[in-house]
Each structure stands twice: as structure tokens, then as C-alpha cells.
Asker: 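Before anything else, here's the structure in question.
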Amino acid sequence: MSGSYFQRDRGRHPQALTPSYKTSILRSPRQALLSLPTSHSEETGPVFGHDILGPLDNDLIRNFAKDGAEAIGQRIVVYGRVLDEAGRPVRGALLEFWQANAGGRYRHKRESYLAALDPNFGGCGRAITDDEGRYSFRTVKPGAYPWPNGVNDWRPAHIHFSVFGHAFAQRLITQMYFEGDPMIWQCPIVRTIPDPAAVEQLVAALDRQATIPMDSLAYKFDIVLRGRRSTMFENRMEGN
Ligand SMILES: [Fe+2]
């Protein structure tokens with residue numbers, strides 16, 4: 001690897017202790033952080049290959065549907081690129097994504113929101129970036145959902161992303177929001193991010209050029225792995 005190292009700007013990232021996001025009170029560290037070096041095997045293996053993906057893995061409208069049925073909701077395409085600190089494409093990254101259904105409900109045994117399940121929507125999928133760092137998947141736009149924090153707090157519509165490099169130790173996790181959603185700026189989790197520009201970077205742009213006529217709207221979401229313009233990753237507040 002050659003080129004300059006761009007130090008991240010810590011002012012863009014949330015403090016670990018943010019009392020308006022209640023569970024951060026118990027989860028935030030009480031003592032100074034330790035640095036744990038990763039082992040050689042954690043850094044180098046396993047390596048993901050394109051052959052691990054099934055043909056419907058990046059199609060959430062159909063990947064859990066039965067007998068030719070499709071998921072209910074507003075059909076969208078989400079696409080973008082995974083980039084390094086210098087804007088170069090990152091190829092071969094495994095992206096996993098998961099989301100609530102169009103009503104705002106997750107398919108999970110501990111989910112308690114009263115919105116209906118969609119029998120044809122599982123809410124998760126995956127893709128691997130191509131030589132240009134590109135990925136795309138098809139899904140339905142998730143609904144907003146309430147969560148137990150304050151008296152009446154809601155998560156804006158969002159999709160969770162996990163990005164693997166070439167090993168399990170290289171995992172980054174973030175969330176994508178949707179352009180124009182007024183719920184974004186009311187969310188106590190979003191509001192733990194001090195820099196509005198860092199929040200804007202998590203908001204996917206509606207891309208009219210990429211819409212599929214009479215089929216789907218399209219949203220563009222690029223992910224920057226590190227450096228001054230790094231995407232905010234919730235599992236690496238200390239840096240990545
Ligand atoms: Fe969520």
C-alpha cells in the first residue's frame with residue numbers, strides 16, 4: 001500500500017457516552033481503552049469469493065418470497081461504491097444489509113413492534129463489490145419504527161450495512177438513511193453524531209437517473225472506509 005495516510009477527524013464521530021441515547025449509558029466504557037492487536041490469521045483469512053453468493057442474494061424483493069410472490073412495499077434499488085481514503089474503488093468487499101419491512105417491522109423473534117410481518121420479506125441480503133467497487137441490490141423501502149428510549153422516539157427509515165474486507169476482523173457497520181426524510185434529524189441515535197456533514201454522508205441520494213421506469217426508485221449510497229471523509233462506522237468509534 002502506498003500513498004499518504006489521512007488521519008480521521010474525530011470531531012465527526014459520536015462520543016461513546018450520549019445520555020439522550022439511553023443504552024449508550026451502560027455500553028460506554030468506564031475506563032481507558034486498551035489496544036488489542038489482531039492476529040495474523042484474523043487479518044488474512046478467510047477470503048471471500050464471488051461464488052459464495054446465490055443468484056437472489058441481492059434481491060430482497062424475492063430472496064425470501066414464496067412461489068413467485070414478491071415483497072410488499074415501495075420498490076427501490078440501492079446502489080453505490082465502496083471507496084478507500086483516496087477515493088479509489090475497493091473491489092471484492094462483501095456487503096451485508098438488513099432492514100425492517102415496509103411497515104417498519106423486523107423479522108426477528110425479539111421484535112415487538114405491532115406492524116404486520118410480510119410473509120414474503122426476510123429483510124436481509126448481500127453483495128460483493130465489482131472491480132469498480134460497485135454494488136447494488138433491490139428491495140422495498142423500510143418503514144420508520146418506534147423504539148424504547150424516550151417517550152416517543154422513532155428510528156427514521158434506514159438500512160443497516162456491514163462491510164467485510166478479506167477477513168472477519170475487517171468488519172465495519174453503519175446505517176443508511178433516505179434523502180428528504182424529516183425523521184432523520186429527530187432520531188436520538190443520529191443526533192449523537194456531532195457533525196451534520198457526517199450525518200449527510202449517511203443519507204442516500206434519490207437518483208432519478210438510476211430509477212427503473214414503471215418499476216423502482218433508486219438511491220445512491222457510497223461508503224468510504226477510512227480517512228478524513230470516512231463514513232461513520234458505529235462499531236469503530238475509535239478509528240478504522
Ligand atoms: Fe434498525
Side-chain angles (χ1 to χ4, degrees), residues 46-83 89-109 111 113 115-145 155-166 168 171-181 202-223 225 231:
V47 175
F48 303 109
H50 287 79
D51 54 347
I52 70 168
L53 296 192
L56 290 179
D57 279 10
N58 69 340
D59 184 356
L60 280 65
I61 291 179
R62 289 181 57 210
N63 66 357
F64 280 79
K66 300 170 190 68
D67 303 326
E70 296 195 330
I72 292 172
Q74 183 176 39
R75 301 160 72 89
I76 61 172
V77 171
V78 178
Y79 81 100
R81 295 205 297 162
V82 178
L83 303 166
V90 176
R91 61 183 62 88
L94 175 67
L95 269 60
E96 298 173 321
F97 15 86
W98 62 99
Q99 62 169 94
N101 68 21
R105 178 160 172 170
Y106 284 102
R107 180 175 294 278
H108 190 281
K109 61 185 177 185
E111 166 70 281
Y113 184 33
L117 277 173
D118 177 351
N120 293 306
F121 187 71
C124 55
R126 54 189 185 168
I128 290 181
T129 57
D130 68 12
D131 283 347
E132 302 300 319
R134 293 176 302 210
Y135 74 91
S136 72
F137 62 97
R138 173 169 100 129
T139 186
V140 294
K141 191 172 182 181
Y145 58 80
R155 297 300 333 276
H158 63 279
I159 299 178
H160 298 267
F161 277 72
S162 160
V163 185
F164 278 113
H166 291 287
F168 285 123
R171 188 184 189 199
L172 298 168
I173 299 171
T174 192
Q175 298 182 36
M176 183 204 101
Y177 303 95
F178 292 87
E179 179 184 349
D181 182 354
L202 300 177
V203 179
L206 174 66
D207 184 352
R208 291 280 288 146
Q209 300 301 315
T211 54
I212 304 173
M214 307 304 289
D215 185 332
S216 300
L217 288 175
Y219 286 88
K220 180 171 186 273
F221 181 53
D222 289 339
I223 297 171
L225 296 186
T231 299

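The figures that follow rest on heavy atoms only: side chains count, while hydrogens, waters and symmetry mates do not. Predicted model only: the values in this text are computed from it and were never measured.
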Asker: Taking all atoms of both residues into account, what is the closest heavy-atom pair of Gly103 and Ala115, and its distance?
Answerer: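 Result for this residue pair: O-CB, 3.4 Å.
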Asker: Testing the basics here: between Gly104 and Tyr145, what is the closest heavy-atom pair and its distance to 0.1 Å?
Answerer: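 For Gly104 and Tyr145, the tightest heavy-atom pair comes out as O-CB, 3.1 Å.
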Asker: Is there a side-chain contact between Phe137 and Asp57, using heavy atoms and a 4.5 Å cut-off?
Answerer: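 Phe137 vs Asp57: side chains apart.
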Asker: Is it true that a side-chain atom of Arg107 and a backbone atom of Asp118 form a donor plus acceptor pair closer than 3.5 Å?
Answerer: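 At least one qualifying donor-acceptor pair exists.
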Asker: Evaluate the criterion side-chain contact (heavy atoms from CB on, under 4.5 Å) for residue pair Ile76 and Phe178; output intermediate values, then yes/no.
Answerer: CA-CA 11 Å; Ile76 61 172; Phe178 292 87; 3.6 Å; yes
Asker: Take His108 and Tyr113, measure what ring-ring contact (aromatic ring centres under 6.0 Å, His included) needs, and give me the verdict at the end.
Answerer: CA-CA 10 Å; His108 190 281; Tyr113 184 33; over 10 Å; no
Asker: Taking C-beta and beyond as the side chain, do Ile72 and Phe121 meet within less than 4.5 Å on heavy atoms?
Answerer: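 No; the side chains remain at least 4.5 Å from each other.
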Asker: Rounded at 0.5 Å granularity, tell me how far CZ in Arg75 sits from CD1 in Ile212.
Answerer: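 Those atoms lie 8.5 Å apart.
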Asker: Yes or no on side-chain contact (heavy atoms from CB on, under 4.5 Å) for Asn120 and Lys66, after CA distance, side-chain angles and deciding distance?
Answerer: CA-CA 6 Å; Asn120 293 306; Lys66 300 170 190 68; 3.9 Å; yes
Asker: Give me the atom names and distance for the closest heavy-atom approach of Leu53 to Leu94.
Answerer: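 Here Leu53 and Leu94 meet closest at CD2-CD1, 4.2 Å.
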Asker: Under the 3.5 angstrom rule, does the side chain of Asn101 hit a backbone N or O of Pro119 as a donor-acceptor pair?
Answerer: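 The answer is no, because no donor-acceptor pair under 3.5 Å joins these two groups.
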Asker: Less than 4.5 Å apart, any side-chain heavy atom of Asp207 and any of Tyr79?
Answerer: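 In short, these two side chains touch, coming nearer than 4.5 Å.
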Asker: Just verifying a value: how many Å separate Asp222 CG and Leu83 CG, rounded to the nearest 0.5 Å?
Answerer: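 Reported to 0.5 Å precision, the distance equals 5.5 Å.
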Asker: State whether Asp59 and Arg138 are salt-bridged, where the test is any N-O pair (Lys NZ or Arg NE/NH1/NH2 against Asp/Glu carboxylate O) under 4.0 Å.
Answerer: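 Judged by the 4.0 Å cut-off on N to carboxylate O distance, Asp59 and Arg138 do form a salt bridge.
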Asker: Tell me, do Asp131 and Pro89 make a side-chain contact under 4.5 Å, heavy atoms counted?
Answerer: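 Of all side-chain heavy-atom pairs linking Pro89 with Asp131, none is under 4.5 Å.
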Asker: Would you kindly say whether Tyr177 and Arg155 are connected by a side-chain donor-acceptor distance under 3.5 Å?
Answerer: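 Their side chains do contain a donor-acceptor pair, which is all the 3.5 Å distance test asks for.
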Asker: Of the non-hydrogen atoms in Gly143 and Ala100, which two are nearest, and what is the gap between them?
Answerer: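 That closest heavy-atom pairing would be O-CB, 4.5 Å.
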Asker: Between the side chain of Thr129 and the main-chain N/O of Ala93, is any donor-acceptor distance below 3.5 Å?
Answerer: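 The answer is yes, because a donor-acceptor pair under 3.5 Å joins these two groups.
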Asker: Given side chains that start at C-beta, do those of Leu225 and Val82 come closer than 4.5 Å, heavy atoms only?
Answerer: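 They are in contact (side-chain heavy atoms under 4.5 Å apart), so the answer is yes.
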Asker: Could you state the interatomic distance from CD1 (Ile159) to OH (Tyr219), rounded to the nearest 0.5 Å?
Answerer: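 Going from the CD1 atom of Ile159 to the OH atom of Tyr219 covers 10.0 Å.
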Asker: Should Phe161 and Tyr135 count as side-chain neighbours, where that means a heavy-atom distance under 4.5 Å?
Answerer: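 Yes, at least one pair of side-chain atoms sits under 4.5 Å.
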Asker: Evaluate whether atom CG of Leu206 has more than 12 neighbouring non-hydrogen atoms of other residues, nucleotides or ligands under 6.0 angstrom away.
Answerer: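 Yes, CG of Leu206 has more than 12 neighbouring heavy atoms, counting only those of other groups under 6.0 Å.
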Asker: Evaluate the criterion side-chain contact (heavy atoms from CB on, under 4.5 Å) for residue pair Arg126 and Ile52; output intermediate values, then yes/no.
Answerer: CA-CA 10 Å; Arg126 54 189 185 168; Ile52 70 168; 4.0 Å; yes
Asker: Could you state the interatomic distance from NE2 (His158) to CG (Leu202), rounded to the nearest 0.5 Å?
Answerer: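 Nearest 0.5 Å value for the NE2-CG distance: 11.5 Å.
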Asker: Using 0.5 Å steps for rounding, measure from the CZ atom of Arg91 to the CG atom of Asp130.
Answerer: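 Reported value, rounded in 0.5 Å steps: 9.0 Å.
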Asker: How about Arg62: does its CZ atom have over 12 heavy atoms from other parts shown lying under 6.0 Å from it?
Answerer: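 Count not over threshold, so no.
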Asker: May I ask you to decide if the ring planes of Tyr106 and His160 are parallel, tilted or perpendicular, using 30° and 60° as cut-offs?
Answerer: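 Tyr106 vs His160 ring planes: tilted.
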Asker: Checking side-chain contact (heavy atoms from CB on, under 4.5 Å) for the pair Leu60/Gln99: CA distance, chi angles, key distance, verdict?
Answerer: CA-CA 10 Å; Leu60 280 65; Gln99 62 169 94; 3.8 Å; yes
Asker: Please give me the minimum heavy-atom distance between Thr211 and Arg208, naming the atom from each residue.
Answerer: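 In terms of heavy atoms, the two residues are closest at OG1-O, 2.7 Å.
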Asker: So which atom in Leu95 and which in Phe97 form the shortest heavy-atom distance, rounded to 0.1 Å?
Answerer: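 Scanning both residues completely, I find the closest heavy atoms to be O-CE2, 3.8 Å.
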Asker: Does Glu96 reach the side chain of Cys124, with side-chain heavy atoms less than 4.5 Å apart?
Answerer: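 Side-chain contact under 4.5 Å: no.
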